[in-house]
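Per chain, numbering begins at 1; letters A, B, ... match sequence-line order.
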There are 2 protein chains.
Amino acid sequence: MSEGTKRRLKLWIRLLSVTRSAEAELREFLRVRHGSTLPRFDVMATLYRRREPCSMSELSRMLLVSNGNVTAVVDRLEADGLVVRHPSESDRRTVLVSLTAEGLAHFETLAREHEAEVARIFSTLSDADVDALTEILKRATKR
Amino acid sequence: MSEGTKRRLKLWIRLLSVTRSAEAELREFLRVRHGSTLPRFDVMATLYRRREPCSMSELSRMLLVSNGNVTAVVDRLEADGLVVRHPSESDRRTVLVSLTAEGLAHFETLAREHEAEVARIFSTLSDADVDALTEILKRATKR
DNA sequence: GCCAGCAATTTCAAGCTTAAAACTTTTATG
DNA sequence: CATAAAAGTTTTAAGCTTGAAATTGCTGGC
């Protein structure tokens, strides 16, 4: 086994560890402070950034989760009145999802605190580290 | 909101994206090539690296997952004959888990291919990037 | 226009994951 | 020594997640 292989394995283990720790802190924050969860936040954040209705497939692709998964999370958000489904006019297969007024208000209060929490979690990194990390991760995505 | 906050949020989004993509590829690899899953692999890898029996709590702490979660995964691995539970001699509350001979053999074949897969996934990064990333992530863990 | 194939969504079964509660055993304090 | 607090594990209920199958609708070659 090459040296590079070993180092990439070490990198993967550390990447997973940092990501899981951060996820655990964010989950705790959403649960305790807002009675919410990470998947619910992620769906709402995607709808918020998009600023227009989003199909189930688009949500699935952007969130990197399965289509069945999106169905389940949107079901629960819809039951809570935070999002709403409506049919596409151009394609009757497509289901569009958007935030309700209540969902929008809920998300906006959530989002600010969420950002602060993320900043806190990565507060041990210098600004230079943050930028360097972001740049390298950008290269890890390229195919 | 400060500039640093925004940049840390961007970092977090990218970190999550890279980690989820890699996880999806590894999951696919384990499923298609070995009929296994990531959590099962993680438990076996921890037992393998430890080289000696490991308590449920230790597994839970090392894997950064809940204790109930470890119970469920170990249940399934044990049903498949890959690990075995046995009582601790010094503390009757503690349950120790170790790989069976079959589990050990299974894991060793798995591990080599897994490493190659990880190397492939991060093959777009230069060796310098890999090292820089690992170093910065190390700083992200410190508290 | 037909229809074979593709696309969007949901459903389903199985497994993963968590937080909280229950249970057993150990440890520490009085 | 008694016993209250802490620690290790499992159980439970709820939610998350996947891949595959089923359903419905679109599209292009004929």
Side-chain angles (χ1 to χ4, degrees), chain A residues 16 19-21 23-44 53-80 82-97, chain B residues 16 19-21 23-44 53-80 82-97:
Chain A
L16 213 43
T19 303
R20 285 195 183 162
S21 299
E23 273 183 330
E25 294 195 59
L26 283 176
R27 187 169 26 246
E28 167 84 359
F29 159 76
L30 287 172
R31 183 178 61 82
V32 171
R33 311 264 309 182
H34 299 281
S36 192
T37 67
L38 226 32
R40 291 167 71 104
F41 181 87
D42 288 344
V43 167
M44 288 193 285
C54 210
S55 77
M56 298 297 279
S57 297
E58 286 169 336
L59 283 173
S60 163
R61 274 192 298 273
M62 289 193 270
L63 296 169
L64 300 176
V65 299
S66 70
N67 44 8
N69 187 347
V70 174
T71 297
V73 176
V74 167
D75 281 352
R76 281 182 286 267
L77 286 174
E78 194 170 28
D80 291 347
L82 299 173
V83 307
V84 63
R85 281 178 167 97
H86 43 96
S88 161
E89 292 181 3
S90 57
D91 186 337
R92 276 182 298 168
R93 293 170 304 180
T94 299
V95 173
L96 296 175
V97 186
Chain B
L16 213 44
T19 303
R20 285 194 183 163
S21 299
E23 273 183 331
E25 294 195 59
L26 283 175
R27 185 169 28 246
E28 167 84 0
F29 159 76
L30 287 172
R31 184 178 61 83
V32 171
R33 310 264 309 182
H34 299 282
S36 192
T37 68
L38 226 32
R40 291 167 70 104
F41 181 87
D42 288 345
V43 166
M44 289 193 286
C54 210
S55 77
M56 298 297 278
S57 296
E58 287 169 336
L59 283 173
S60 164
R61 274 192 299 273
M62 289 195 270
L63 296 170
L64 300 176
V65 299
S66 70
N67 44 7
N69 187 347
V70 174
T71 296
V73 177
V74 167
D75 281 351
R76 282 183 284 268
L77 287 173
E78 193 170 28
D80 291 346
L82 299 173
V83 307
V84 64
R85 280 178 168 96
H86 44 97
S88 162
E89 291 181 5
S90 58
D91 186 337
R92 276 182 298 170
R93 293 170 303 180
T94 300
V95 173
L96 296 175
V97 186

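- For A:R92 and A:N69, each mapped to the nucleotide of DNA chain D holding its nearest heavy atom, the one lying further toward the 5' end belongs to A:N69.
- Side chain to side chain, B:S90 and B:S88 meet the donor-acceptor criterion of an N or O pair below 3.5 Å.
- Smallest separation of non-hydrogen atoms from A:P87 and A:L96: O-CD1, 4.5 Å.
- No salt bridge links A:R20 with A:E25; every basic N to acidic carboxylate O contact stays at or beyond 4.0 Å.
- Among the nucleotides D:dT9, D:dT24, D:dG19, the one closest to any side-chain atom of A:S66 is D:dG19.
- Between B:D75 atom CG and C:dC16 atom P there is a gap of 11 Å when expressed in whole angstrom units.
- Annotation: the span from B:L16 atom CG to B:S21 atom OG amounts to 9.5 Å, rounded to 0.5 Å.
- Closest to the B:N67 side chain, of the nucleotides D:dT9, D:dT18, D:dT24, is D:dT9.
- Although no hydrogens or angles enter the test, the distance criterion places a donor-acceptor pair under 3.5 Å between the side chain of A:E58 and the main chain of A:S55.
- Non-hydrogen atoms lying under 4.0 Å from DNA chain D are contributed by B:S55, B:M56, B:S57, all within residues 53-61 of chain B.
- A salt bridge links B:R31 with B:E28; the closest basic N to acidic carboxylate O contact falls under 4.0 Å.
- Side-chain nitrogen and oxygen atoms of B:T71 include none within less than 4.0 Å of the OP1 or OP2 phosphate oxygen of D:dT11.
- Using a 4.0 Å heavy-atom criterion, one finds that A:T94 contacts the sugar-phosphate atoms exclusively.
- For the pair B:R76 and A:E28, nearest-nucleotide mapping onto DNA chain C gives the more 5' position to B:R76.
- Phosphate proximity of C:dA14 to B:R31: absent, as no side-chain N or O sits under 4.0 Å from OP1 or OP2.
- For the pair A:D91 and A:P39, nearest-nucleotide mapping onto DNA chain D gives the more 5' position to A:P39.
- Rounding to whole angstrom units, CG of residue A:L64 and C1' of D:dT18 are separated by 14 Å.
- Heavy atoms of B:R85 sit under 4.0 angstrom from primed sugar atoms or phosphate atoms, though from no base atom.
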